[in-house]
Amino acid sequence: MFLGTHTPRLDDKGRLALPARFRPDLEGGLVICKGQDRCLYVFPVTEFGRVTEALRTAPVTDRRVRDYSRVLFASASNETPDGQGRITVPPTLREYAGLTKDCVVIGANTRIEVWDAGAWQQYLDATEPAFSDIAEEVLPGVL
């Protein structure tokens, strides 16, 4: 499980240092791809395999499944962290997420999300006020 908020910087070569606490779960490799809301998703290879299997069994006759699968897999890149825990973020993914220098890396349960720092702050400003209100709808009877 990935938790927390971290603020690494993208270096001039497009490399991002992943938080130390996330690294053990990513040693076997990872997949980075487009995510929702103009962020990037980083999955351990095994978790991306679970996502792949779910899409494999989804009906290919459904246009939404085809569209989502195409964008997801076309944007996906296999990466292996280097000895310092850095991964290279491909230029097309940096452009998609608007990543320049200051980034925010958040733990999002089974995946990691990478955000441009300004975009993350805008997202929080827009969604955090409703956080308490949506808990009942998202997790009825749990919290």
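Note: hydrogens, waters and symmetry copies are ignored here, and every other heavy atom, side chains too, is used.
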Spell out, yes or no, whether [X] and [Y] are grouped together once hydrophobic residues are joined by side-chain heavy atoms under 4.5 Å, including indirect joins.
X	Y	answer
Val60	Phe73	no
Val42	Val45	no
Tyr68	Val51	yes

From [atom1] ([X]) to [atom2] ([Y]), nearest 0.5 Å:
X	Y	atom1	atom2	result
Leu3	Ile112	CG	CD1	10.5 Å
His6	Ile106	NE2	CD1	10.0 Å
Asp25	Glu47	CG	CD	11.0 Å
Leu18	Asp82	CG	CG	9.0 Å
Arg66	Arg70	CZ	CZ	5.5 Å
Leu124	Phe131	CG	CZ	11.0 Å

Pair [X] + [Y], salt bridge at N-O below 4.0 Å:
X	Y	answer
Glu53	Arg56	yes
Asp12	Lys101	yes
Asp62	Arg64	yes

As a test of understanding, state which of Leu40, Thr7, Leu16 forms a side chain to side chain contact (heavy atoms under 4.5 Å, CB included) with Cys103.
Leu16
Looking at Phe22, Phe2, Trp115, which hits side chain to side chain contact (heavy atoms under 4.5 Å, CB included) with Val105?
Phe22
Of all heavy-atom pairs linking Thr110 and Phe43, the shortest is O-CD2, 4.3 Å
Tell me the closest heavy-atom pair linking Val89 and Arg94, and the distance in Å.
O-NH1, 2.5 Å
Does some side-chain heavy atom of Thr92 sit less than 4.5 Å from a side-chain heavy atom of Ser75?
no
Is the shortest side-chain heavy-atom distance between Glu79 and Pro90 below 4.5 Å?
yes
Are more than 12 heavy atoms, taken from residues, nucleotides or ligands other than Arg21, located less than 6.0 Å from that residue's CZ atom?
no
Only counting residues at least two apart or in another chain, list the ones meeting side-chain hydrogen bond (donor to acceptor under 3.5 Å, both in side chains) with Gln122.
none
Please output the side-chain donor-acceptor pairs of residues 28-38 that fall under 3.5 Å, not counting sequence neighbours, one pair per line with the distance.
unit_1, atom_1, unit_2, atom_2, d
Gln36, OE1, Tyr41, OH, 2.9
Arg38, NH1, Tyr96, O, 3.3

